[in-house]
Amino acid sequence: MALDLSAVSSSENVWQMAQQQLDDVARLIGLNESMHGFLREPKRILEVSVPVRMDSGTTKIFKGFRVQHNMSRGPTKGGIRFHPDVTLDEVKALAMWMTWKCALVNIPFGGAKGGVICDPRTMSMQELENLTRRFTSEISIIIGPEKDIPAPDVYTTPQIMAWIMDTYSMQKGYSVPGVVTGKPVAIGGSLGRDKATARGCLYVVDEAMQTLGLTIEGARVAVQGFGNAGMYAAELMSQRGYSIVAVTDSKGGVANPKGLDVAGIMAHKAETGSVVGFTGGDRINNKDVLEYDCDVLVPAALEKVITKENAPRIRAKIVAEAANGPTMPDADVILFERGIMVLPDILANAGGVSVSYFEWVQDLQENFWEEDEINERLKRKMVRAFKETYDQAKRHSIDMRRGAYSVAVARVAEATKLRGLYP
Ligand code: GLU
């Protein structure tokens, strides 16, 4: 398998980008045409209109989506995103990425994703609850513990998962904790789920550092995004001995080549709502953080931030994609040529869905595990997925994304083939 650079073109649309990544790997692994065509499209798309009573007394109509990409390996799984820029194409891409992610870490799920076009930063708790409950009710025809299991994603929280669980349960007439993951522990959530995305990311970065012969102690890390993934990645990595030199959130951020006090930044964010204004460093914006001098770059915000324009200027040796889809296909080629190891999203952020799987298993069994057992199981999954990806990439002289994709897509194709075509 050789890298065909002519096949890689810039794609502005995130859904085209996801399809392009698949097309690329389909060629590499010699996927047959009908299987490729099958995997290239989502199985099911639901678009809903969500009327919400606002605090002002008026009713506002929001638009929401749930996309199920593939269910050959099990029920579909994936988060729900609340963001003003959500589009159907974005949700389709995110659903497809969930299919590959679940296959790569070898959990028995297919991929799905949901999204509502809204800005939760400008909504009250009551309005968010109304929105969540009505959206849940609208998509309840296709979700369920044996069908499709939502979870948190950008701007959705454990409290929002609790409302989803409650709404679905009220419709059924009994508690159904397994319908959603990322719930608070008090109602059937799993210990360790809150930090699982970040912890999984830490485990694969540790593996990459060791593989490349780099020293963890004092290695400099820049993080774009300070939500669930980015904030806990900064926290866990600094506890591990990495030096966090730059962090930003959607409003901007702070940088210091000598290292930042992550606990201080977390307290500042909890108090003011942003990392901006923290006094332990210089101001930095959301773009410059990507080019900051560091060993490990963790994009942990939104898609398409690493482009062919800034890829030549990225100084990290490892890029760990805590976000979904941060690197565009043409930027991938540049990073690979420059010898930068990209830990792709379907590997680097798969810790979240892995512990979601543990949560679902615990809910179905009504038997809950200790946190150290969960973290241990997570570590085994992540290390194995890293090794399988790395071996594949080395064997075929391809980048880590193609390595991960070829493992994952082959697993989904095998399951699809074994099940055969109905009727
Ligand atoms: N939204 C997360 C992701 O993109 C978690 C999904 C889940 O736990 O189901 O992987």
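Heavy-atom basis, side chains included; hydrogens, waters and symmetry copies ignored. First listed ligand is number 1; within each ligand, the first listed atom is number 1.
Closest protein heavy atom to atom 9 (O) of ligand 1: K77 NZ, 2.8 Å. Scanning the protein for heavy atoms near atom 8 (O) of ligand 1, the closest one is S356 OG, 2.6 Å. Looking from atom 3 (C) of ligand 1 to the surrounding protein, the closest heavy atom is K101 NZ, 3.3 Å. Given atom 2 (C) of ligand 1, the protein heavy atom at minimum distance is P152 O, 3.7 Å. In this structure, the protein non-hydrogen atom closest to atom 5 (C) of ligand 1 is R193 NH2, 3.6 Å. Closest to atom 7 (C) of ligand 1 among all protein heavy atoms lies A151 CB, 3.3 Å.
Residue contacts with ligand 1 for L94 are absent, since no atom lies close enough (heavy atoms, distance under 4.0 Å). Residue P150 does not touch ligand 1, judged by heavy-atom distances below 4.0 Å. Here K113 has side-chain heavy atoms under 4.0 Å from ligand 1, and that is the only part of it that gets that close.
Under a 4.0 Å N-O distance rule, the pair R40/D23 qualifies as a salt bridge. Under the 4.0 Å criterion applied to side-chain N and carboxylate O atoms, D345 and R401 are assigned as salt-bridge partners. A salt bridge between K394 and D391 is absent, with no side-chain N of the basic residue lying under 4.0 Å from a carboxylate O of the acidic one. Electrostatic pairing of R384 and E388 does not count as a salt bridge here, judged by no charged N lying under 4.0 Å from a carboxylate O. A salt bridge links E90 to R81: one of the charged nitrogens lies within less than 4.0 Å of a carboxylate oxygen.
Between H268 and F278, the two ring planes are perpendicular [angle over 60°; tilted spans 30° to 60°].
By the 6.0 Å and 45° rule, R377 stacks over the aromatic ring of W369.
Atom CD1 of I107 is separated from atom SG of C102 by 4.0 Å, given to the nearest 0.5 angstrom.
In this structure, A350 does not count as a contact residue of ligand 1, since none of its heavy atoms falls inside 4.0 Å of the ligand. Heavy-atom separations between G182 and ligand 1 are all 4.0 Å or longer.
Residue D153 has at least one heavy-atom neighbour below 4.0 Å for each of these atoms of ligand 1: 1 (N), 2 (C), 4 (O). Every atom of ligand 1 with a heavy atom of G78 under 4.0 Å away is listed here by number and element: 9 (O). Short contacts between ligand 1 and G79, defined as distances under 4.0 Å to a heavy atom of the residue, involve ligand atoms 1 (N), 6 (C).
For ligand 1, none of its N or O atoms has an N or O atom of M98 under 3.5 Å away.
Within a 6.0 Å sphere centred on CZ of R338, heavy atoms belonging to other residues, nucleotides or ligands number more than 12.
Using a 3.5 Å distance cut-off with no hydrogens or angles, the side chains of R133 and T167 do pair a donor with an acceptor.
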